[in-house]
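Below is one structure, written out as structure tokens, with a few remarks after it.
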Amino acid sequence: MSTPTKTSINQQRSIAAFDRASGLMPGGVNSPARAFGAVGGKPLFIERAEGPFLFDIDGNRLLDYIGSWGPMILGHAHPVVIEAIQSAASRGTSYGAPTEAETELAELIVEAVPSVEKLRLVNSGTEATMSAIRLARGATGRDQVIKFSGNYHGHVDSLLVAAGSSAANLGVPDSPGVTEGTSRDTLILEYNDVGALQAAFDKHGQELACVILEPVVGNMGCVPPRPGFLEAARELCTKHGAVLIFDEVMTGFRVAYGGAQQRFGVTPDLTTLGKIVGGGLPVGAYGGRADLMDQVLPAGKVFQAGTLSGNPLATAAGAAMLKLLRDDSPYPYLEEQGQRLADGLTRAASRAGIPHQLQRVGSMMTLFFCDQAVHGWTEASTCNRERFAKYFWGMVERGVYMPCSQFEALFFSATHTAEHIDQTIDAAEAVLQDV
Ligand code: KE4
């Protein structure tokens with residue numbers, strides 16, 4: 001990716017910090033999504049955050065539409081969440097023994113997501129999806145897994161797989177270090193393609209342990225399920241005895257308090273969660289039917305463990321976050337502001353005469369720079385990435401921090417006001433004229 005035209009904002013200290021970090025950590029970051037690889041240039045180093053704003057180490061204030069990639073639905077440094085963390089920390093940081101804080105967070109999740117009868121807390125979304133797949137394989141005695149192009153479920157070896165020579169064939173490794181043996185049991189299909197899913201079940205039905213999918217995709221940009229797609233996945237899994245896993249790490253408590261399964265009315269067998277459930281601290285979870293979850297060690301034989309799983313600080317933050325969402329629902333406000341932002345970005349792109357597609361579910365959305373609706377990776381991959389990079393940096397110059405990739409959803413919070421949304425639209429009006 002070519003480095004974009006020089007930005008006018010002061011990045012001096014961030015550039016020095018990045019160069020220093022790059023000597024110590026691969027790519028200078030602890031997660032590639034932060035490295036600005038898709039937009040060029042060097043990442044901004046953040047000093048602090050509050051409400052809808054990030055403040056970088058060069059003193060730039062940025063209106064934040066990444067929100068830590070999803071967790072910050074109530075804005076940064078929410079005082080109730082901060083107080084919960086501080087209070088928990090005053091009693092120690094980790095015990096390696098069970099606590100009632102874990103039970104409280106589990107109760108909140110079970111109450112919010114009825115399909116989750118039992119759950120296990122882990123430390124990340126990746127751990128959640130990795131464990132859910134192991135459980136599905138252990139419970140069914142089958143090996144094969146279906147996933148979808150453009151769906152990301154964390155850095156699980158068996159899911160770091162690209163579509164084979166034809167989508168109906170088994171996968172091939174999509175990263176060095178992932179073995180042929182690991183990837184050969186993974187089938188990659190096109191999202192929203194019911195025919196391909198039916199054909200895969202016709203061919204592999206009795207070997208399929210599970211189907212894992214993002215019920216609203218965020219990881220190729222925001223791609224909603226087409227009517228009938230989730231229902232078809234549910235029906236085929238039931239018919240063939242495969243486990244349906246909804247990866248709601250991103251959509252859980254984001255698109256509705258009960259997640260995408262509440263919004264779209266389709267019930268999975270297992271659900272994976274992360275991001276919001278930790279209130280910004282490291283929490284993942286996998287849960288679902290009790291007859292499946294009771295097969296997890298020590299209740300059952302499927303192994304899974306974690307030193308810091310259910311950590312006292314993380315569970316305190318997560319419980320505080322979920323109680324805030326439960327007791328004072330932000331979702332109607334987020335829906336209203338989401339429509340305002342979507343309409344404004346669409347208007348700005350239309351006025352600039354730019355081919356675009358705005359796709360939204362609640363407070364997650366994507367402005368795709370392409371001329372067709374995006375139902376799957378086939379369309380997403382046609383987007384104009386150069387144009388997106390110029391748009392990203394143009395918005396940064398105007399104090400608006402969009403996701404640093406065309407293939408990520410933007411998120412906003414309950415602390416983004418209508419005025420902030422209008423400022424964002426005004427910035428987009430100006431930027432899109434020149435990209
Ligand atoms: P983590 O292991 O990063 O907590 O979660 C992995 C994961 C699983 N499932 C879904 C649907 C996800 O979106 C994610 C992680 N999302 C990315 C952003 N698209 C995290 C950003 C990053 O990797 O730094």
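For the numbers below, each heavy atom of this structure counts, side chains included, while hydrogens, waters and symmetry mates do not. Values in this document were obtained by computation on a predicted structure and should not be read as measured data.
With 3.5 Å as the limit, one finds no donor-acceptor pair spanning the side chains of Gln337 and Ser363. A donor-acceptor pair shorter than 3.5 Å cannot be found between the side chains of Asp58 and Gln12. There is no side-chain donor-acceptor pair under 3.5 Å between Gln144 and Thr186. In this structure, a donor-acceptor pair under 3.5 Å is absent between the side chains of Gln372 and Gln357. Side-chain contact of Thr378 with Glu190: a donor-acceptor pair under 3.5 Å is present, judged by distance alone. Side-chain atoms of Asp247 and Thr272 form a donor-acceptor pair, as typed in the model, at a separation below 3.5 Å. Residues Ser413 and Thr415 have side chains that bring a donor and an acceptor to within less than 3.5 angstrom of each other. For the residue pair Tyr286 / Gln304, a side-chain donor-acceptor distance below 3.5 Å is found, with atom types taken as modelled.
Residue-environment remark: CD (Gln433) exceeds the threshold of 12 foreign heavy atoms within 6.0 Å. By the neighbour-count criterion of 12 heavy atoms within 6.0 Å, atom CZ of Arg134 is densely surrounded, having more than that number from other residues, nucleotides or ligands. Counted within 6.0 Å of CG on Asp328, heavy atoms from surrounding residues, nucleotides or ligands total 12 or fewer; the atom is thus considered open. Heavy atoms of other residues, nucleotides or ligands lying less than 6.0 angstrom from CD of Glu235 number 12 at most. Enclosure of atom CZ in Arg61 is not indicated, since only 12 or fewer non-hydrogen atoms of other residues, nucleotides or ligands lie within 6.0 angstrom.
Val145 has its side chain within reach of Ile212: a pair of non-hydrogen atoms, C-beta onward, lies under 4.5 Å apart. Looking at Arg387 and Pro355, their side chains come closer than 4.5 Å, going by heavy atoms from C-beta outward. Val435 is listed as a side-chain neighbour of Ile354, based on a closest heavy-atom distance under 4.5 Å. Side-chain contact between Leu62 and Phe53 is absent, with no heavy atoms from C-beta onward closer than 4.5 Å. A heavy-atom distance below 4.5 Å is found between the side chains of Val400 and Tyr65. Taking the side chain as every heavy atom from C-beta outward, Met321 and His78 never approach each other to under 4.5 Å. When side chains are defined from C-beta on, Trp69 counts as touching Pro403, because their heavy atoms get closer than 4.5 Å.
Look at Arg340 and Asp422 and you find a salt bridge, because one of the NZ, NE, NH1 or NH2 atoms lies within 4.0 Å of a carboxylate O, short of that distance. Between Glu335 and Arg360 there is a salt bridge, with a side-chain nitrogen of the basic residue lying less than 4.0 Å from a carboxylate oxygen of the acidic one. Ionic pairing of Lys42 and Asp19 is present here: one or more N-O contacts between side-chain nitrogen and carboxylate oxygen are shorter than 4.0 angstrom. Between Asp269 and Arg289 there is a salt bridge, since at least one side-chain N of the basic residue sits less than 4.0 Å from a carboxylate O of the acidic one.
Counting only distance, with no hydrogens or angles, the side chain of Asn384 and the backbone of Phe369 share no donor-acceptor pair below 3.5 Å. Judged purely by atom type and a 3.5 angstrom limit, Lys147 uses its side chain to pair as donor or acceptor with the backbone of Asn151. In this structure, the side chain of Arg48 does not engage the main chain of Phe55 through any donor-acceptor pair within 3.5 Å. In this structure, Trp393 contributes its side chain and Gly40 its backbone to a donor-acceptor pair below 3.5 Å. A donor-acceptor pair is defined here as one N or O able to donate and one able to accept, closer than 3.5 Å; no such pair exists between the side chain of His416 and the backbone of Ala414. Ser124 contributes a side-chain N or O that, together with a main-chain N or O of Glu127, makes up a donor-acceptor pair within less than 3.5 Å. In this structure, the side chain of Arg254 engages the main chain of Gly70 through a donor-acceptor pair within 3.5 Å. At distances below 3.5 Å, not a single donor-acceptor pair connects side-chain atoms of Asn219 with backbone N or O atoms of Phe407. A donor-acceptor contact shorter than 3.5 Å links the side chain of Asn192 to the backbone of Pro224. Looking at His240, its side chain never comes within 3.5 Å of a backbone N or O of Ala242 through a donor-acceptor pair.
The OG atom of Ser158 sits 11.0 Å away from atom CG of Asp143, with the distance rounded to the nearest 0.5 Å. The distance from atom NZ of Lys323 to atom CG of Leu105, rounded to the nearest 0.5 Å, is 10.0 Å. Rounding to the nearest 0.5 Å places CD of Gln261 at 10.5 Å from CZ of Arg234. Atom CD1 of Ile133 sits about 11.0 Å away from atom CG of Asp157, to the nearest 0.5 Å. A distance of 8.0 Å separates CG in Leu119 from CG in Leu273, rounded to the nearest 0.5 Å. Going from atom CZ of Arg184 over to atom OG1 of Thr179 covers 7.5 Å, rounded to the nearest 0.5 Å.
Smallest separation of non-hydrogen atoms from Ile146 and Ala200: CD1-CB, 3.9 Å. Here the shortest heavy-atom pairing between Pro52 and His420 reads CG-CE1, 3.7 Å. In terms of heavy atoms, Pro43 sits closest to Ser14 at O-CB, 3.8 Å. Minimum interatomic distance between Ser149 and Trp377 (heavy atoms only, all atoms of both residues): CB-CB, 3.7 Å. Heavy atoms only, all atoms of each residue included: Pro330 and Leu325 are closest at CG-CD2, 3.6 Å. The minimum heavy-atom distance between Ile73 and Phe253, with the atom names listed, is CD1-O, 3.3 Å.
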Which is it for Leu244 and Leu213 under the side chain to side chain contact (heavy atoms under 4.5 Å, CB included) test, yes or no, and what are the steps along the way? CA-CA 8 Å; Leu244 178 58; Leu213 57 83; 4.3 Å; yes
Working for side chain to side chain contact (heavy atoms under 4.5 Å, CB included), residues Thr267 and Phe246: CA-CA 9 Å; Thr267 301; Phe246 275 13; over 6 Å; no
Please evaluate residues Val217 and Phe148 with respect to the criterion side chain to side chain contact (heavy atoms under 4.5 Å, CB included), reporting the C-alpha separation (whole Å), side-chain torsions for both, the decisive distance (0.1 Å), and the verdict. CA-CA 10 Å; Val217 185; Phe148 297 88; over 6 Å; no
Go through the steps to decide whether Glu408 and Ser405 satisfy the test side chain to side chain donor-acceptor pair (under 3.5 Å), and finish with yes or no. CA-CA 6 Å; Glu408 293 285 1; Ser405 166; 5.4 Å; no
Between Leu160 and His155, is a side chain to side chain contact (heavy atoms under 4.5 Å, CB included) present by the stated rule, with each step listed? CA-CA 6 Å; Leu160 292 178; His155 58 93; 4.2 Å; yes
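Between Phe368 and Phe388, the ring center distance fails the sub-6.0 Å criterion.
Taking the six-membered ring where tryptophan is involved, the planes of Phe36 and Tyr401 are tilted, since the angle between them lies from 30° to 60°.
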